[in-house]
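Okay, structure first, notes after.
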There are 2 protein chains.
Amino acid sequence: MPQSPHPAPLRLATFLPFRLSVLSNAVSQRIAELYDREFGLSIWQWRVMAVTADTPGISATEIGQRTQMDKVAVSRAVAGLIEMGYLERRPSTDDARRSNLVLTPAGLGIYELIVPLALAEEAQLVTALSDKEQAELARLMGKLAKAASPERDLW
Amino acid sequence: MPQSPHPAPLRLATFLPFRLSVLSNAVSQRIAELYDREFGLSIWQWRVMAVTADTPGISATEIGQRTQMDKVAVSRAVAGLIEMGYLERRPSTDDARRSNLVLTPAGLGIYELIVPLALAEEAQLVTALSDKEQAELARLMGKLAKAASPERDLW
DNA sequence: CGAAATTAGTTACATATGAAACTATATTCT
DNA sequence: AGAATATAGTTTCATATGTAACTAATTTCG
């Protein structure tokens, strides 16, 4: 009986979780650097701005759901944005615990400046793929997301 | 002239950097939890073990290159593994600054326990995709990696 | 050879992050 | 009603992480 001297090989470079992590970090870092350099925003602050622009009056909890941020992270990002004058907290009339969050005019202003830059950065990335490949990638990622957390509906 | 009331839309849910980040986090978290729960290892310690098993006598710097970890992270992971008795530092004879790192028998033992679990976890994930889809995903990720950091050769 | 510049790796410090505790309000249940 | 439970959001505390400074050994080059 062989003593299985080299049981199962595991090459990190072909291991999907590793590759995903490295790729995601490389992409995130590029984008984070852009937001920070140009506007002094963290990625989390940017995410909060994006969903608030999309849904004015959103609550912190809802932001957490949409952005996959935990509530502490949302709380901190919101606090930072308010301090910068980009976000405003409006107490909800029907539930005193929650606030309705809206971008200030200043916030909306820089949001509109960032959007095209963010889209351009993304475009530079996905332009490496044909339209068909982009669609396929989105589809495959959707499947993986479902396999990775079936309970939570990620997107 | 229209006053462009809704300049460019940006839906986070379709924005590639966001999706990549969320997917990668979901996957990493599952795996990290496994390594930590079963063996008390961080993802970084696991990565160090994996490349050291693959290339016994590797140096910290080389580990950093292969795993995309910065040297501080490598240093800390190595220190932890040595403390746990899984890794051994052998001073290099021809360069006193570097150490040749090797797994101890204990380290090799748990490495061999982890590998099948890690592969099983990955399998559970990628089984959502056909072989052909898996290959396609790998190809698309490779293209993106190149577009995201052309300078550094990620894999 | 020997000063200057490089490289391997660690340490220190400042910041980021997550888990758990906490405050305040709302809801449920008897 | 009012006690028990749950929810929104913040604060605290302990840990993780990155940048920069540092030590020690090596290489480069006048």
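Throughout, a chain's letter reflects where its sequence line sits, starting with A, and its residues are numbered from 1.
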Taking only residues two or more places apart in sequence or in another chain, which ones pass salt bridge (charged side-chain N to carboxylate O under 4.0 Å, His left out) with [X]?
X: A:R89; value: none
X: B:E38; value: none
X: A:D95; value: A:R97

B:Y111/B:W46 aromatic ring centres below 6.0 Å: yes
Pairs involving residues 14-27 of chain B, ordered by first then second residue, that meet side-chain hydrogen bond (donor to acceptor under 3.5 Å, both in side chains) (sequence neighbours left out): A:R47-B:S21
Pairs meeting criterion side-chain hydrogen bond (donor to acceptor under 3.5 Å, both in side chains) with involvement of residues 99-108 of chain A, two or more places apart: A:R98-A:N100
Contact letters for nucleotides 16-24 of chain D, in which S counts primed atoms plus P, OP1 and OP2 and B counts the base, heavy atoms under 4.0 Å: -BBBB---B
Close approaches to DNA chain D from residues 53-66 of chain A, in residue order (heavy atom, under 4.0 Å): A:S59, A:A60, A:T61
For [X], give me all partners under side chain to side chain donor-acceptor pair (under 3.5 Å), at least two apart in sequence or on another chain.
X: B:K71; result: none
X: A:D131; result: none
X: A:T55; result: A:R66

Interface residues of residues 30-37 of chain A with DNA chain C (non-hydrogen, below 4.0 angstrom): none
Spacing between A:M69 atom CE and C:dT17 atom P, to the nearest angstrom: 9 Å
Residues that A:F39 engages under ring pair (Phe, Tyr, Trp, His ring centres under 6.0 Å), provided they are two or more places apart: none
